[in-house]
Colleague: 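Sharing a structure, written as C-alpha coordinates. Questions coming.
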Amino acid sequence: QGCVRVDGVDVRRYQLEDLRRNIGVVFQETFLFSSTIAENIAFGHPEASREQIERAARIAAAHELITALPDGYDTVLREGGSNLSGGQRQRLAIARALLLDPPILLFDDPTAAIDPETEAEILTAMAQAMTGRTTLVVAHRLSTLRSADLVLVLHRGRLVQSGTPEELMRAPGPYRDVAALQGDGGAAA
(Lines give C-alpha, C1' and ligand atoms only; values in the text may rest on other atoms or scores of the structure.)
Protein backbone atom coordinates (compact mmCIF):
# COMPACT_ATOMS: atom_id res chain seq x y z
CA GLN A 1 0.00 0.00 0.00
CA GLY A 2 1.32 3.45 -0.77
CA CYS A 3 4.41 4.30 -2.79
CA VAL A 4 8.01 5.38 -2.59
CA ARG A 5 8.87 8.58 -4.45
CA VAL A 6 12.22 9.90 -5.63
CA ASP A 7 12.11 13.60 -6.45
CA GLY A 8 8.33 13.34 -6.37
CA VAL A 9 8.18 10.49 -8.91
CA ASP A 10 6.86 7.05 -7.94
CA VAL A 11 9.80 4.63 -8.25
CA ARG A 12 7.61 2.27 -10.28
CA ARG A 13 7.79 4.82 -13.11
CA TYR A 14 11.59 4.60 -13.34
CA GLN A 15 13.43 2.07 -15.45
CA LEU A 16 14.99 -0.37 -12.98
CA GLU A 17 18.47 0.18 -14.43
CA ASP A 18 18.16 3.96 -14.04
CA LEU A 19 16.97 3.61 -10.45
CA ARG A 20 19.83 1.26 -9.57
CA ARG A 21 22.41 3.58 -11.15
CA ASN A 22 21.23 6.40 -8.86
CA ILE A 23 21.46 4.47 -5.60
CA GLY A 24 24.71 3.54 -3.87
CA VAL A 25 24.41 0.71 -1.34
CA VAL A 26 26.72 -0.19 1.54
CA PHE A 27 25.82 -3.49 3.17
CA GLN A 28 26.50 -4.59 6.72
CA GLU A 29 29.02 -7.11 5.43
CA THR A 30 30.77 -6.18 2.23
CA PHE A 31 32.37 -8.70 -0.05
CA LEU A 32 35.78 -7.90 -1.44
CA PHE A 33 37.40 -9.93 -4.19
CA SER A 34 40.88 -11.35 -4.48
CA SER A 35 41.97 -8.47 -6.64
CA THR A 36 43.55 -5.04 -6.23
CA ILE A 37 42.00 -2.38 -4.03
CA ALA A 38 41.40 -0.22 -7.10
CA GLU A 39 39.57 -3.04 -8.86
CA ASN A 40 37.48 -3.71 -5.76
CA ILE A 41 36.41 -0.07 -5.53
CA ALA A 42 35.66 -0.02 -9.28
CA PHE A 43 33.69 -3.29 -9.12
CA GLY A 44 30.41 -1.79 -10.40
CA HIS A 45 32.17 0.63 -12.75
CA PRO A 46 35.21 -1.20 -14.19
CA GLU A 47 36.03 1.57 -16.68
CA ALA A 48 36.49 4.11 -13.87
CA SER A 49 39.69 6.12 -14.02
CA ARG A 50 42.24 6.07 -11.20
CA GLU A 51 41.29 9.67 -10.50
CA GLN A 52 37.61 8.69 -9.99
CA ILE A 53 38.62 5.76 -7.77
CA GLU A 54 40.87 7.96 -5.63
CA ARG A 55 38.19 10.65 -5.35
CA ALA A 56 35.68 8.09 -4.04
CA ALA A 57 38.29 6.73 -1.62
CA ARG A 58 39.05 10.23 -0.30
CA ILE A 59 35.37 10.92 0.38
CA ALA A 60 35.09 7.54 2.12
CA ALA A 61 38.10 8.34 4.34
CA ALA A 62 39.96 5.38 2.79
CA HIS A 63 42.68 7.12 0.75
CA GLU A 64 45.21 7.42 3.59
CA LEU A 65 44.83 3.80 4.67
CA ILE A 66 45.22 2.69 1.04
CA THR A 67 48.32 4.78 0.34
CA ALA A 68 49.90 3.49 3.56
CA LEU A 69 49.83 -0.06 2.14
CA PRO A 70 52.98 -1.27 0.34
CA ASP A 71 51.40 -1.20 -3.13
CA GLY A 72 48.72 1.42 -2.44
CA TYR A 73 45.77 1.07 -4.79
CA ASP A 74 47.54 -1.86 -6.47
CA THR A 75 47.63 -3.89 -3.24
CA VAL A 76 46.04 -7.28 -3.88
CA LEU A 77 43.43 -8.26 -1.33
CA ARG A 78 42.80 -11.77 -0.15
CA GLU A 79 39.33 -13.21 -0.81
CA GLY A 80 36.83 -11.36 1.34
CA GLY A 81 39.44 -8.72 2.16
CA SER A 82 40.69 -10.84 5.05
CA ASN A 83 43.98 -8.93 5.09
CA LEU A 84 42.07 -5.77 6.13
CA SER A 85 40.25 -4.84 9.32
CA GLY A 86 36.47 -4.60 9.40
CA GLY A 87 36.63 -0.81 9.40
CA GLN A 88 38.99 -0.78 6.41
CA ARG A 89 36.68 -3.11 4.49
CA GLN A 90 33.68 -0.87 5.27
CA ARG A 91 35.51 2.23 4.04
CA LEU A 92 36.29 0.45 0.76
CA ALA A 93 32.61 -0.49 0.52
CA ILE A 94 31.66 3.16 0.99
CA ALA A 95 34.15 4.17 -1.71
CA ARG A 96 32.64 1.55 -4.04
CA ALA A 97 29.14 2.94 -3.42
CA LEU A 98 30.35 6.51 -4.06
CA LEU A 99 32.22 5.83 -7.29
CA LEU A 100 29.26 6.66 -9.52
CA ASP A 101 28.42 9.71 -7.37
CA PRO A 102 24.85 8.54 -6.70
CA PRO A 103 22.31 11.06 -5.44
CA ILE A 104 20.90 8.44 -3.05
CA LEU A 105 22.84 6.31 -0.55
CA LEU A 106 21.54 3.34 1.40
CA PHE A 107 23.56 2.13 4.38
CA ASP A 108 22.38 -1.25 5.68
CA ASP A 109 23.54 -1.35 9.32
CA PRO A 110 27.07 -0.26 8.37
CA THR A 111 28.45 -0.30 11.92
CA ALA A 112 26.98 -3.62 13.08
CA ALA A 113 30.02 -5.77 12.29
CA ILE A 114 32.71 -3.47 13.70
CA ASP A 115 34.06 -2.64 17.13
CA PRO A 116 33.06 0.61 18.87
CA GLU A 117 36.48 2.20 18.28
CA THR A 118 36.24 1.66 14.54
CA GLU A 119 32.65 2.92 14.57
CA ALA A 120 33.86 6.52 14.92
CA GLU A 121 35.98 6.16 11.76
CA ILE A 122 33.05 4.72 9.82
CA LEU A 123 30.69 7.44 11.06
CA THR A 124 33.18 10.08 9.88
CA ALA A 125 33.38 8.42 6.45
CA MET A 126 29.58 8.18 6.33
CA ALA A 127 29.19 11.86 7.20
CA GLN A 128 31.50 12.84 4.33
CA ALA A 129 29.70 10.48 1.95
CA MET A 130 26.24 11.77 2.90
CA THR A 131 27.01 15.40 2.11
CA GLY A 132 24.63 16.60 -0.62
CA ARG A 133 22.82 13.27 -0.91
CA THR A 134 19.61 11.72 0.25
CA THR A 135 20.72 9.00 2.63
CA LEU A 136 18.80 6.15 4.22
CA VAL A 137 20.47 4.39 7.13
CA VAL A 138 19.16 1.15 8.58
CA ALA A 139 20.69 0.75 12.04
CA HIS A 140 20.36 -1.12 15.29
CA ARG A 141 23.07 0.92 17.03
CA LEU A 142 21.44 4.22 17.85
CA SER A 143 24.82 5.95 17.92
CA THR A 144 24.79 5.53 14.13
CA LEU A 145 21.69 7.73 13.96
CA ARG A 146 22.88 10.69 16.03
CA SER A 147 23.08 13.08 13.08
CA ALA A 148 19.88 11.91 11.37
CA ASP A 149 17.36 14.53 10.29
CA LEU A 150 14.52 12.04 10.76
CA VAL A 151 14.39 8.63 12.42
CA LEU A 152 11.62 6.16 11.62
CA VAL A 153 11.25 3.42 14.24
CA LEU A 154 9.83 0.18 12.90
CA HIS A 155 8.51 -2.64 15.06
CA ARG A 156 7.16 -5.85 13.50
CA GLY A 157 6.94 -4.16 10.12
CA ARG A 158 5.00 -1.15 11.34
CA LEU A 159 6.02 2.46 11.86
CA VAL A 160 5.67 3.10 15.61
CA GLN A 161 7.65 6.34 16.11
CA SER A 162 9.21 9.10 14.07
CA GLY A 163 11.12 12.25 14.81
CA THR A 164 14.61 13.60 15.33
CA PRO A 165 16.90 11.69 17.69
CA GLU A 166 16.36 14.47 20.27
CA GLU A 167 12.57 14.24 20.01
CA LEU A 168 12.62 10.46 20.29
CA MET A 169 14.83 10.58 23.39
CA ARG A 170 12.23 12.81 25.10
CA ALA A 171 9.27 10.59 24.18
CA PRO A 172 8.48 7.29 25.88
CA GLY A 173 8.75 4.45 23.38
CA PRO A 174 11.02 1.92 21.70
CA TYR A 175 13.73 4.39 20.66
CA ARG A 176 14.32 5.62 24.21
CA ASP A 177 14.06 2.05 25.55
CA VAL A 178 16.75 0.83 23.13
CA ALA A 179 18.93 3.85 23.96
CA ALA A 180 18.76 2.90 27.64
CA LEU A 181 19.65 -0.74 26.86
CA GLN A 182 22.59 0.33 24.68
CA GLY A 183 23.80 2.76 27.32
CA ASP A 184 23.44 5.43 24.68
CA GLY A 185 21.66 8.13 26.64
CA GLY A 186 23.65 10.53 24.47
CA ALA A 187 22.06 9.14 21.30
CA ALA A 188 20.46 12.50 20.80
CA ALA A 189 23.68 14.44 21.36
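The figures here come from the full heavy-atom set of this structure, side chains too, leaving out hydrogens, waters and symmetry mates.
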Colleague: Indicate, with yes or no, if Ile53 and Ile59 share a hydrophobic cluster defined by side-chain heavy-atom contacts under 4.5 Å among Ile, Leu, Val, Met, Phe, Trp and Tyr.
Modeller: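 Each belongs to a different hydrophobic cluster.
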Colleague: Heavy-atom distance under 4.5 Å between the side chains of Val4 and Asp10, does that happen here?
Modeller: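 A side-chain contact is absent here, since even the closest heavy-atom pair is not under 4.5 Å.
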Colleague: Within the distance-only criterion (no hydrogens, no angle test), does the side chain of Glu121 pair as donor or acceptor with the backbone N or O of Ala61 below 3.5 angstrom?
Modeller: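 Side chain of Glu121 to backbone of Ala61: no pair is present.
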Colleague: Consider side chain to side chain contact (heavy atoms under 4.5 Å, CB included). Of Ile104, Leu106, Leu99, Leu105, which one does Pro102 pass it with?
Modeller: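 Passing option: Leu105.
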Colleague: Got a sec, which residues hit side chain to side chain donor-acceptor pair (under 3.5 Å) with Asp108, two or more places apart in sequence or on another chain?
Modeller: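 Asp108 satisfies side chain to side chain donor-acceptor pair (under 3.5 Å) with no other residue.
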Colleague: Minimum heavy-atom separation for Arg91 and Ala62, please, with both atom names.
Modeller: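 Smallest interatomic distance, heavy atoms only, reads CB-CB, 3.9 Å.
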Colleague: Can you tell me if Thr131 uses its side chain to pair, donor with acceptor, with the backbone of Ala127 under 3.5 Å?
Modeller: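 Indeed, once roles are kept as given, a pair shorter than 3.5 Å links the two residues.
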Colleague: Counting only heavy atoms not in Asp177, do more than 12 sit closer than 6.0 Å to its CG atom?
Modeller: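 For Asp177, atom CG is crowded (more than 12 foreign heavy atoms under 6.0 Å).
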Colleague: Under the rule for side chain to side chain contact (heavy atoms under 4.5 Å, CB included), what residues qualify as partners of Glu39, not counting sequence neighbours?
Modeller: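 Here the qualifying residues are Ser35, Thr36.
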Colleague: Got a donor-acceptor contact below 3.5 angstrom from the Arg176 side chain to the Arg170 backbone?
Modeller: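 Side chain of Arg176 to backbone of Arg170, a donor-acceptor pair under 3.5 Å: yes, one is there.
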Colleague: Are Val25 and Phe107 in one and the same hydrophobic cluster, where Ile, Leu, Val, Met, Phe, Trp and Tyr link if side-chain heavy atoms are under 4.5 Å apart?
Modeller: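 In one cluster: no.
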Colleague: Counting N and O atoms only, with roles assigned by atom type, does the side chain of Arg89 sit under 3.5 Å from a partner on the main chain of Leu84, one being a donor and the other an acceptor?
Modeller: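 The answer is yes, because a donor-acceptor pair under 3.5 Å joins these two groups.
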Colleague: Taking salt bridge (charged side-chain N to carboxylate O under 4.0 Å, His left out) as the test, write out the residues that go with Arg5, two or more places apart.
Modeller: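 Testing Arg5 for salt bridge (charged side-chain N to carboxylate O under 4.0 Å, His left out), a comparison that skips the adjacent residues, returns none.
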Colleague: Determine whether Thr75 and Ile66 make a side-chain contact, defined as any pair of heavy atoms from C-beta on separated by less than 4.5 Å.
Modeller: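 Not touching, per the 4.5 Å side-chain cut-off.
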Colleague: Residues two or more places apart in sequence or in another chain: which of them pass side chain to side chain donor-acceptor pair (under 3.5 Å) with Thr118?
Modeller: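 If we apply the side chain to side chain donor-acceptor pair (under 3.5 Å) test to Thr118, skipping adjacent residues, the hits are Asp115.
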Colleague: So which residues get pulled into Phe43's cluster when ILVMFWY side chains under 4.5 Å apart are joined, directly or through others?
Modeller: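 Its cluster partners, ordered by chain and number, are Phe31, Phe33.
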Colleague: Measuring from atom CD1 of Ile41 to atom CG of Leu98, what distance do you get when rounded to the nearest 0.5 angstrom?
Modeller: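 If we round to the nearest 0.5 Å, Ile41:CD1 and Leu98:CG are 10.0 Å apart.
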Colleague: Taking the side chain as C-beta and beyond, is there a heavy-atom pair between Asn40 and Leu92 under 4.5 Å?
Modeller: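 Counting from C-beta outward, Asn40 and Leu92 never come under 4.5 Å.
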Colleague: How long is the gap from CG on Leu159 to CG on Leu154, to the nearest 0.5 Å?
Modeller: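 The CG atom of Leu154 is 6.0 Å from CG of Leu159, to the nearest 0.5 Å.
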Colleague: What pair of heavy atoms forms the shortest contact from Cys3 to Arg12, and how long is it?
Modeller: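 For Cys3 versus Arg12, the nearest heavy atoms are CB-NH2, 3.2 Å.
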Colleague: Other hydrophobic cluster members with Val76, side-chain heavy atoms of Ile/Leu/Val/Met/Phe/Trp/Tyr under 4.5 Å, chained?
Modeller: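 Traced through the cluster, Val76 reaches no other member.
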Colleague: Given side chains that start at C-beta, do those of Gln90 and Thr111 come closer than 4.5 Å, heavy atoms only?
Modeller: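 With C-beta onward as the side chain, the pair stays apart.
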Colleague: Search all heavy atoms of His140 against all heavy atoms of Gln182 and return the closest pair with its distance.
Modeller: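 So the two residues come closest at O-NE2, 2.6 Å.
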Colleague: Can you list every ring pair (Phe, Tyr, Trp, His ring centres under 6.0 Å) pair that touches residues 46-91, not counting sequence neighbours?
Modeller: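 Of all non-adjacent pairs touching residues 46-91, those that pass ring pair (Phe, Tyr, Trp, His ring centres under 6.0 Å) are His63-Tyr73.
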Colleague: Could you tell me which non-hydrogen atom of Pro174 sits nearest to which non-hydrogen atom of Gln161, and how far apart they are?
Modeller: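 Looking at all heavy atoms of both residues, the closest pair is CD-OE1, 3.1 Å.
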Colleague: Do Val6 and Asn22 touch side chain to side chain, with heavy atoms closer than 4.5 Å?
Modeller: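 SC-SC contact between Val6 and Asn22 ruled out.
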Colleague: Quick one: list whatever passes side chain to side chain donor-acceptor pair (under 3.5 Å) with Thr134, sequence neighbours left out.
Modeller: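 Testing Thr134 for side chain to side chain donor-acceptor pair (under 3.5 Å), a comparison that skips the adjacent residues, returns none.
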Colleague: Indicate if Val9 and Leu136 have the same hydrophobic cluster label, given that clusters are the connected sets of ILVMFWY residues with side-chain heavy-atom separations under 4.5 angstrom.
Modeller: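 Yes, it is one cluster - the side chains of Val9 and Leu136 are joined through contacts under 4.5 Å.
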Colleague: Looking at Ala60 and Ala125, what are the two nearest heavy atoms and their distance?
Modeller: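 Minimum heavy-atom contact is O-CB, 3.1 Å.
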Colleague: Grab the two heavy atoms, one from Ala148 and one from Pro165, that are nearest each other, plus how far apart they are.
Modeller: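 So the minimum-distance heavy-atom pair works out to O-CD, 3.4 Å.
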Colleague: Decide yes or no for Val26 and Met126: does some side-chain heavy atom of the first lie under 4.5 Å from some side-chain heavy atom of the second?
Modeller: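 SC-SC contact between Val26 and Met126 ruled out.
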Colleague: I'd like to check the salt bridge (charged side-chain N to carboxylate O under 4.0 Å, His left out) partners of Asp18; sequence neighbours left out, ordered by chain and number.
Modeller: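 Checked Asp18 against salt bridge (charged side-chain N to carboxylate O under 4.0 Å, His left out); matches are Arg21.
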Colleague: Sorted by first residue and then second, give each salt bridge (Lys or Arg N to Asp or Glu O under 4.0 Å) pair with at least one member in residues 62-83; sequence neighbours left out.
Modeller: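 Sorted result for residues 62-83: Arg50-Asp74.
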Colleague: What pairs meet the salt bridge (Lys or Arg N to Asp or Glu O under 4.0 Å) rule with one or both residues in residues 124-140, with sequence neighbours excluded?
Modeller: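 Sorted pair list: Asp101-Arg133.
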Colleague: Do you reckon Ile94 sits in the same ILVMFWY cluster as Leu145, going by side-chain contacts under 4.5 Å, direct or chained?
Modeller: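 Yes; Leu145 is reachable from Ile94 via cluster members.
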Colleague: In Å and rounded to the nearest 0.5 Å, what is the OG1 to CE distance from Thr164 to Met169?
Modeller: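 Thr164 atom OG1 to Met169 atom CE measures 11.0 Å (nearest 0.5 Å).
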Colleague: Same hydrophobic cluster for Leu32 and Phe27, using side-chain heavy-atom links shorter than 4.5 Å among ILVMFWY?
Modeller: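 No; tracing contacts between hydrophobic side chains, which count when under 4.5 Å, never links both residues.
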Colleague: Among residues at least two apart in sequence or on other chains, which ones pass salt bridge (charged side-chain N to carboxylate O under 4.0 Å, His left out) with Glu54?
Modeller: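 Partners of Glu54 by the salt bridge (charged side-chain N to carboxylate O under 4.0 Å, His left out) criterion come out as none, since no residue qualifies.
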Colleague: For the side chain of Gln88 and the backbone of Leu65, is there at least one donor-acceptor N/O pair under 3.5 Å apart?
Modeller: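 Judged by distance alone, no pair lies under 3.5 Å.
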Colleague: How many angstroms lie between CZ in Arg13 and CG in Leu19, if you round to the nearest 0.5 Å?
Modeller: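 So the gap between those two atoms works out to 14.0 Å.
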